[in-house]
Participant: 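Let me begin by handing over the structure; questions about it come next.
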Amino acid sequence: MNSIFWMVIQVVTIVAVMPFFDGIARIVRARMQSRKGPNSVFQTYYDIFKLLKRGGKTTPKYSHWFFRYAPFMLFAANAAILAALPITYSDNINAGAYADIFVIIYLGALVRFIFGVASMDSGSPFAAIGGSREQMLAVFVEPVAIICLIVVMLLAKTSNLVVIQNLVREGVVGYQIPAFAVASIAFLWASYVETGRNPYDLAEAEQEVLEGVAGEYSGSDLAIVDVALMIKQVAMIGLFLSIFEPWNFTNPLLALFIFIIEIGIFYVGATFIDNLGPRYKLLKGFKKNASFAFSVAFVALILYVVGV
């Protein structure tokens, strides 16, 4: 079967499964904070279905078409990133036109753009603060991630994710190369930040400030935005796994199953770090952590340059 078919399969499957892992994470977080939390691991499904059934969408008086269509654009852009990951078609070199690091970088920038513009177009000062916070995250996180990806592309001499996966599986590129190993550490930090964890996100300010434009949507629009944000988290973790921990299965269904298990472990496991770590103000947290992560990524680049 062609790669387009498997792209659709992996997006639909992961979108269907992710609310389950989110429900587990919510219960784990509640227990660690001595709260009751959701009654079921399927609570996120219930919340999404409840929002989808609601009518009467609310639209700010002075918003424009961009605000109204932003949920669909966010979903489409994040789904495209997820589709570009060579999960089920990891042995199909011809899929390189889609499974390319530059494609993912540009789509990620598009997601930031849509989120920021929709936040400003809502006319809400709270949404605008949330949107500006997203752009601040980009300033700190994206340089780290891009430097790491540059190191990987230079080592593999290609931006094709399928080729990179094959090189890592064959041992041509891998942790035996110090530049690759150091880059994996910095990129793992970037993946953690993109999942919206403490100290870069606070659950108690989720709607008021941190989620930005999400606080201005309701009903099905809010459900679409929530699912789009979950897809974004999966895509970032999936990019780390596809480059630094590629799966060795040629069977597409088995590869997808293993990928989902790995995503679930990372997604729920991050909850423990989230609740056991200290809380900082946003800028203070980045000054303590982002500067260190950037230094690690820069060291990886230097190691490549000197040929270590």
Side-chain angles (χ1 to χ4, degrees), residues 81-82 84-93 95-109 137-138 140-195 197 232-250 255-256 258-263 265-267 269-270 273 286 289-308:
I81 297 175
L82 188 57
L85 297 179
I87 302 168
T88 55
Y89 55 97
S90 58
D91 60 339
N92 187 352
I93 301 298
Y98 310 100
D100 192 276
I101 288 178
F102 286 108
V103 170
I104 293 177
I105 290 175
Y106 291 139
L107 286 172
L137 281 173
F140 285 102
V141 177
E142 290 184 4
V144 175
I146 290 175
I147 290 176
C148 295
L149 293 175
I150 288 174
V151 170
V152 171
M153 287 188 287
L154 290 173
L155 289 170
K157 296 180 175 56
T158 180
S159 61
N160 187 314
L161 280 170
V162 175
V163 176
I164 292 172
Q165 280 189 347
N166 290 331
L167 291 175
V168 174
R169 283 198 294 258
E170 294 168 3
V172 178
V173 177
Y175 291 102
Q176 73 276 11
I177 303 175
F180 184 89
V182 174
S184 70
I185 298 172
F187 198 83
L188 182 60
W189 173 85
S191 299
Y192 176 82
V193 176
E194 288 290 355
T195 59
R197 306 292 183 173
K232 174 189 172 185
Q233 295 171 349
V234 174
M236 195 63 186
I237 301 172
L239 182 58
F240 171 82
L241 291 174
S242 63
I243 294 175
F244 297 100
E245 296 292 338
W247 36 93
N248 295 309
F249 304 99
T250 56
L256 180 59
I258 296 300
F259 176 81
I260 290 173
I261 296 299
E262 290 178 329
I263 286 292
I265 293 173
F266 270 74
Y267 192 87
I273 303 174
F286 273 122
N289 300 302
S291 56
F292 175 75
F294 183 82
S295 300
V296 172
F298 190 72
V299 167
L301 183 60
I302 294 300
L303 288 173
Y304 170 81
V305 172
V306 299
V308 176

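Below, each value reflects all heavy atoms present in this structure, side chains not excepted, and no hydrogens, waters or symmetry copies. Treat the numbers as computed from the prediction; the structure is a model and nothing was measured.
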Participant: Between L303 and V151, is a side-chain contact (heavy atoms from CB on, under 4.5 Å) present by the stated rule, with each step listed?
Facilitator: CA-CA 9 Å; L303 288 173; V151 170; over 6 Å; no
Participant: Stepwise, does the side-chain contact (heavy atoms from CB on, under 4.5 Å) test hold for F187 with V152?
Facilitator: CA-CA 11 Å; F187 198 83; V152 171; over 6 Å; no
Participant: Output the distance between atom OG (S242) and atom CD1 (I104), rounded to the nearest 0.5 Å.
Facilitator: 6.5 Å
Participant: Taking salt bridge (charged side-chain N to carboxylate O under 4.0 Å, His left out) as the test, write out the residues that go with E245, two or more places apart.
Facilitator: none
Participant: In Å, rounded to the nearest 0.5 Å, how long is the span from CG of L188 to CE of M236?
Facilitator: 10.0 Å
Participant: Can you tell me how far CZ of F259 sits from CD1 of I87, rounded to the nearest 0.5 angstrom?
Facilitator: 3.5 Å
Participant: Quick check: closest heavy atoms across D100 and N160, and the distance to 0.1 Å?
Facilitator: OD2-N, 4.0 Å
Participant: Atom CG in L107, atom NZ in K232: separation rounded to 0.5 Å?
Facilitator: 13.0 Å
Participant: Measuring from atom CD1 of I243 to atom CG of L149, what distance do you get when rounded to the nearest 0.5 angstrom?
Facilitator: 5.0 Å
Participant: Nearest 0.5 Å please: distance from the CG atom of L301 over to the CG atom of L154.
Facilitator: 7.5 Å
Participant: After noting the C-alpha distance and the side-chain angles of I101 and T158, does the key distance pass the side-chain contact (heavy atoms from CB on, under 4.5 Å) rule?
Facilitator: CA-CA 9 Å; I101 288 178; T158 180; over 6 Å; no
Participant: Could you go step by step and tell me if V193 and W189 meet the side-chain contact (heavy atoms from CB on, under 4.5 Å) rule?
Facilitator: CA-CA 6 Å; V193 176; W189 173 85; 3.6 Å; yes
Participant: Write down the atom of A297, the atom of I147, and the distance for their closest heavy-atom approach.
Facilitator: O-CG2, 3.3 Å
Participant: F244 and F180: aromatic ring centres closer than 6.0 Å?
Facilitator: yes
Participant: What's the shortest heavy-atom distance between L161 and A84, and which atoms?
Facilitator: CD1-O, 4.3 Å
Participant: Heavy atoms only: give me the nearest A99-V162 pair and the separation to one decimal.
Facilitator: CB-CG2, 4.0 Å
Participant: Decide yes or no for L241 and I263: does some side-chain heavy atom of the first lie under 4.5 Å from some side-chain heavy atom of the second?
Facilitator: yes
Participant: Shortest non-hydrogen contact from A235 to I81?
Facilitator: CB-CG2, 3.6 Å
Participant: A side-chain contact here means heavy atoms from C-beta on lying under 4.5 Å apart; do L82 and V234 qualify?
Facilitator: yes
Participant: Can you confirm whether Y106 is buried at OH, in the sense that more than 12 heavy atoms of other residues, nucleotides or ligands lie under 6.0 Å from that atom?
Facilitator: no
Participant: Give the minimum heavy-atom separation between A293 and A186, together with the two atoms involved.
Facilitator: O-CB, 3.7 Å
